[in-house]
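First the structure, in the form of structure tokens, and then the observations on it.
Just so it is clear, the model here is predicted, and its values are computed rather than measured.
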Amino acid sequence: MDYSVIVIGAGHAGIEAALACARMGEKTALFTINKDKIGEMSCNPAIGGLAKGQLVREIDALGGEMAKAADKTCIQFKVLNIKKGPAVRGLRAQADMKEYRLYMKNVIGDQSNLDVVETMVDSITSDGIKITGVITESGAEYKAKAVIVATGTFLNGRMFVGLESKEGGRLGDPPSNKLSGSLLGLGLKLGRLKTGTTPRVNKNSLDFSRFSEQPGDKVPTPFSFTSSKIVTEQVMCWLANTNERTNEVILANLDRSPLYSTKNRMIFGLGPRYCPSIEDKVMKFPEKKKHHVFIEPQERFSDEMYLNGLSTSLPLDVQYAYLHTIPGFEKVEILKPGYGIEYDFVPPSQLNSALEIKGMPGLYLAGQINGTSGYEEAAAQGLIAGMNAALKIRGEEPFCPKRSQSYIGVMIDDLITNDLKEPYRLFSSRAEYRLVLRSDNADIRLTEYGIKAGLVDESRKKELHEKQEFFRDEIKRLHSIHIHPSEETNAKLVSIGTTAITDELSLYSLLKRPEISYLDLKHFTDINETVPGHFMEFLNAEVQYDGYIARSMKEIEHSKSLEEKQIPGNFDYSRYHGLSIEAKQKLSIIRPATIGQASRIMGITPADINVLLIMLKKHGRDSSD
């Protein structure tokens with residue numbers, strides 16, 4: 001009954017946390033209320049997307065599992081924003097929900113150092129100084145040096161279909177009610193958030209001649225750096241649109257919405273701003289007469305279809321009514337209604353950069369309990385929490401990726417420095433150095449940390465070094481090879497979609513043209529087409545954006561002094577004059593670890609930062625005295 005680490009919850013965050021701890025040699029227990037729901041996709045059947053695709057690559061670079069699972073079980077792959085620059089592209093894959101769940105269940109079951117315990121955890125125990133373990137609903141006590149809470153939407157979860165509600169963490173599963181009280185007893189503050197899901201409908205009840213086809217890429221791009229190619233057959237998705245009649249039906253029934261009813265409002269937690277329900281869209285964007293509905297298969301061999309874009313908590317009869325207004329849905333059969341769910345979360349300003357609760361050694365939180373939305377955000381947090389729990393037990397320094405280093409770092413920094421009021425979603429626009437944080441270089445940025453932690457094997461280490469050597473050698477070679485204007489050369493240039501030349505040009509300079517790819521250079525020199533695709537992606541991006549990348553690196557270096565300027569954990573902000581009352585309050589609550597973090601707290605002004613720097617100098621003199 002004694003473990004090094006206990007992980008509560010077997011969703012995307014819990015899986016990555018448990019695997020990381022076990023793979024780093026710590027005896028780990030993964031607690032779940034249902035072994036058959038390990039890796040369950042509670043909402044949309046997809047992995048990745050804009051910014052989220054980078055997260056999946058970063059998880060893979062550090063030695064996590066999500067990218068491998070996606071490559072093995074997803075049934076349609078597509079690079080979003082493919083016509084734009086590499087910094088804002090995002091790989092997204094349609095998942096077979098059943099296959100994904102079975103893959104993750106098998107990986108967990110085969111992992112050494114990892115036990116799965118099927119029971120509900122009611123409380124977390126502490127000796128007043130540090131976390132000591134958990135107690136289950138049956139009263140059994142399990143000891144641990146660290147506990148990672150990854151409970152998703154299960155804390156005091158309540159589901160809503162119209163004005164009818166019942167307890168639940170998701171459809172078909174009970175909530176975790178007592179654990180919230182335990183967290184409160186440990187001194188944590190809790191809040192309330194809301195999310196939702198869409199109706200699932202019978203494929204055979206739809207008229208697909210009324211929809212437009214949405215195929216995947218002809219040559220699918222893998223998520224994992226270890227996958228050479230995707231060999232699974234791709235499936236089709238479809239696109240429909242709501243219309244003014246849809247809006248009319250929804251507006252006429254808002255009094256039956258648990259979110260908008262003036263007499264019977266039942267949901268008070270804020271929902272995700274960037275993935276709103278259809279009733280939210282109609283209310284908040286009245287100028288829009290139609291909204292996209294993506295029709296996506298939940299499994300390759302299932303008739304159950306997911307309606308991406310139609311999240312709702314309206315009553316079932318209203319769901320039927322507004323679906324009937326959409327061309328192709330006249331005879332729709334709903335297999336499972338859409339529903340809203342409200343749940344407890346822990347405002348993440350109570351966490352440090354390691355995802356450990358401040359002042360509560362050994363207690364880590366990951367996933368939706370921290371106020372995030374999305375499988376990818378949850379998995380990334382789970383991996384970092386798991387790594388840091390194991391590192392702490394080893395007596396080593398935590399791994400806290402910086403904003404300039406990864407999207408994971410951007411997300412964690414956003415969470416711990418902001419007063420979260422709604423579910424957080426990661427976007428590329430949140431990353432000030434996004435041109436440096438591309439999916440093609442996630443391994444260059446992060447894999448060394450995975451190697452150091454013991455999560456990345458020798459074959460991955462070897463491939464990383466091969467990629468670095470390939471880049472160095474090819475850059476040198478492309479600088480040395482020049483093409484000269486001639487009829488034959490210019491004919492080749494025009495044939496690959498670029499302009500002719502009038503002066504000598506190096507192949508390096510030719511590759512800087514945005515319409516040219518590394519593979520196009522085979523018309524002028526020998527190209528090694530057998531290297532992994534991400535080798536060539538990396539080379540393309542580094543050459544075509546070298547000036548912008550160099551500028552970003554200078555900005556990162558310039559801000560380094562503030563990012564690394566430490567603030568003592570016990571710093572007394574009230575002791576010194578000059579800060580505004582708001583600044584003193586926020587700094588005292590959030591307790592940023594560095595000046596860089598302090599500067600990103602909402603309400604903290606540049607003047608406050610200047611005062612804080614002076615205060616730290618004085619604090620240093622006082623300490624030396």
Quiz item: With a 4.0 Å cut-off, would you call Glu377 and Arg425 a salt bridge?
Solution: no
Self-check item: Full working for salt bridge (Lys or Arg N to Asp or Glu O under 4.0 Å) between Glu65 and Lys72
Solution: CA-CA 11 Å; Glu65 197 65 33; Lys72 291 291 186 182; over 6 Å; no
Quiz item: Checking Asp71 side chain against Pro222 main chain: does a donor-acceptor pair fall under 3.5 Å?
Solution: no
Quiz item: Does a side-chain N-to-carboxylate-O contact under 4.0 Å join Glu40 and Arg101?
Solution: yes
Exercise. Go through Tyr508 and Asp546 one step at a time and tell me if the side-chain hydrogen bond (donor to acceptor under 3.5 Å, both in side chains) criterion holds.
Key: CA-CA 11 Å; Tyr508 182 91; Asp546 62 350; 2.8 Å; yes
Practice problem: May I have the step-by-step check of salt bridge (Lys or Arg N to Asp or Glu O under 4.0 Å) for Arg445 and Asp440, ending in yes or no? | Solution: CA-CA 10 Å; Arg445 293 183 278 115; Asp440 60 80; over 6 Å; no
Practice problem: For salt bridge (Lys or Arg N to Asp or Glu O under 4.0 Å), just list the numbers for Arg92 and Glu296, CA-CA rounded to whole Å, side-chain angles, deciding distance to a tenth of an Å, and then say yes or no. | Solution: CA-CA 13 Å; Arg92 183 185 187 272; Glu296 303 170 340; 3.1 Å; yes
Practice problem: Would you please test Ser42 and Arg170 for side-chain hydrogen bond (donor to acceptor under 3.5 Å, both in side chains) and show each step? | Solution: CA-CA 7 Å; Ser42 303; Arg170 64 177 164 229; 3.1 Å; yes
Quiz item: With Tyr375, which residues qualify under ring-ring contact (aromatic ring centres under 6.0 Å, His included), at least two apart?
Solution: His12
Exercise. For the pair Gln544 (side chain) and Leu511 (backbone), establish whether a donor and an acceptor sit closer than 3.5 Å, ignoring hydrogens and angles.
Key: yes
Self-check item: Minimum side-chain heavy-atom gap Leu420-Thr372 below 4.5 Å
Solution: no
Self-check item: OH-SG distance between Tyr364 and Cys21, expressed to the nearest 0.5 angstrom
Solution: 9.0 Å
Exercise. Taking Glu376 for its side chain and Val56 for its backbone only, find out whether a donor-acceptor pair lies under 3.5 Å.
Key: no
Quiz item: Using the ring of each side chain (for Trp, its six-membered ring), is Tyr518 parallel, tilted or perpendicular to Phe470, with breaks at 30° and 60°?
Solution: perpendicular
Quiz item: Does Asp217 come within less than 4.0 Å of Lys78, counting only side-chain N to carboxylate O?
Solution: no
Practice problem: State whether the side chain of Asp443 and the backbone N or O of Ala61 hold a donor-acceptor pair below 3.5 Å, judged by distance alone. | Solution: no
Quiz item: Under 4.5 Å between any side-chain heavy atoms of Pro361 and Glu356, yes or no?
Solution: yes
Quiz item: Is the charged tip of Lys145 near the ring of Tyr3: under 6.0 Å from the six-membered ring centre and within 45° of its axis?
Solution: no
Quiz item: Less than 4.0 Å between a side-chain N and a carboxylate O, is that true for Asp520 and Lys492?
Solution: no
Quiz item: Please walk me through it: do Ser4 and Glu26 pass side-chain hydrogen bond (donor to acceptor under 3.5 Å, both in side chains)?
Solution: CA-CA 6 Å; Ser4 290; Glu26 302 302 331; 3.1 Å; yes
Quiz prompt | Glu397 bridged to Lys392 by N-O distance under 4.0 Å | solution = no
Quiz item: How many angstroms lie between CZ in Phe427 and OH in Tyr407, if you round to the nearest 0.5 Å?
Solution: 11.5 Å
Quiz item: About how many Å separate SG of Cys74 and CE of Met97, when rounded to the nearest 0.5 Å?
Solution: 11.5 Å
Quiz prompt | Spacing of CZ belonging to Arg513 relative to CG belonging to Leu510, to within rounding of 0.5 Å | solution = 5.5 Å
Quiz prompt | Under 3.5 Å donor-acceptor, Asn441 side chain and Arg438 backbone | solution = yes
Quiz item: Does NZ or CZ of Arg57 come closer than 6.0 Å to the centre of the six-membered ring of Phe223, within 45° of the ring's axis?
Solution: no
Quiz item: Are any side-chain N or O atoms of Ser224 and backbone N or O atoms of Thr226, one a donor and one an acceptor, separated by less than 3.5 Å?
Solution: yes
Quiz item: Donor-acceptor pair, Thr447 side chain versus Gly450 backbone, under 3.5 Å?
Solution: no
Self-check item: Passing option when Met66 is tested against Ile15, Ile47, Leu383, Leu55 for side-chain contact (heavy atoms from CB on, under 4.5 Å)
Solution: Ile47
Practice problem: Kindly say whether Glu555 contributes a backbone atom to a donor-acceptor pair with the side chain of Ser559 at under 3.5 angstrom? | Solution: yes
Quiz prompt | Contact list for residues 37-84, test ring pair (Phe, Tyr, Trp, His ring centres under 6.0 Å), sequence neighbours left out | solution = none
Quiz item: Do the side-chain N and O atoms of Arg434 and Ser429 include a donor-acceptor pair separated by under 3.5 angstrom?
Solution: no
Quiz item: Please walk me through it: do Thr489 and Phe524 pass side chain to side chain contact (heavy atoms under 4.5 Å, CB included)?
Solution: CA-CA 8 Å; Thr489 295; Phe524 307 100; 4.1 Å; yes
Quiz item: Is Glu474 paired with Lys467 through a side-chain N to carboxylate O contact shorter than 4.0 Å?
Solution: no
Quiz prompt | Heavy-atom closest pair, residues Ala146 and Ile393 | solution = CB-CD1, 4.4 Å
Quiz prompt | Residue pair Met360 / Gln350, side-chain heavy-atom distance below 4.5 Å | solution = no
Exercise. Hey, could you give me the CG/CG distance between Asp96 and Leu102, rounded to the nearest 0.5 Å?
Key: 8.5 Å
Quiz item: Is there a donor-acceptor pair closer than 3.5 Å between any side-chain N or O of Lys84 and the backbone N or O of Leu80?
Solution: no
Exercise. Taking all non-hydrogen atoms of both residues into account, name the closest pair between Gln405 and Leu437 and its distance.
Key: C-CD2, 3.4 Å
Quiz item: Closest approach of Val88 and Ser428, non-hydrogen atoms and distance?
Solution: CG1-OG, 4.0 Å
Practice problem: Mark yes when over 12 heavy atoms from residues, nucleotides or ligands other than Glu515 sit less than 6.0 Å from its CD; otherwise mark no. | Solution: yes
Quiz item: Does Arg403 come within less than 4.0 Å of Asp414, counting only side-chain N to carboxylate O?
Solution: yes
Practice problem: Could you tell me whether Glu504 atom CD has more than 12 heavy atoms of other residues or ligands within 6.0 Å of it? | Solution: yes
Quiz prompt | Lys/Arg-Asp/Glu bridge criterion (N-O < 4.0 Å) met for Glu58, Lys52 | solution = no
Self-check item: Point-to-point distance, once rounded to the nearest 0.5 Å, from CZ of Phe31 to CG of Asp115
Solution: 9.0 Å
Self-check item: Smallest separation among heavy atoms of Pro348 and Asn370, with atom names
Solution: CG-O, 3.3 Å
Quiz item: Ignoring hydrogens and geometry, is there a side-chain-to-backbone donor-acceptor pair from Glu463 to Ser459 under 3.5 Å?
Solution: no
Exercise. Verify side chain to side chain contact (heavy atoms under 4.5 Å, CB included) between Tyr424 and Met411, making sure each step is shown before the conclusion.
Key: CA-CA 9 Å; Tyr424 175 92; Met411 173 181 63; 3.7 Å; yes
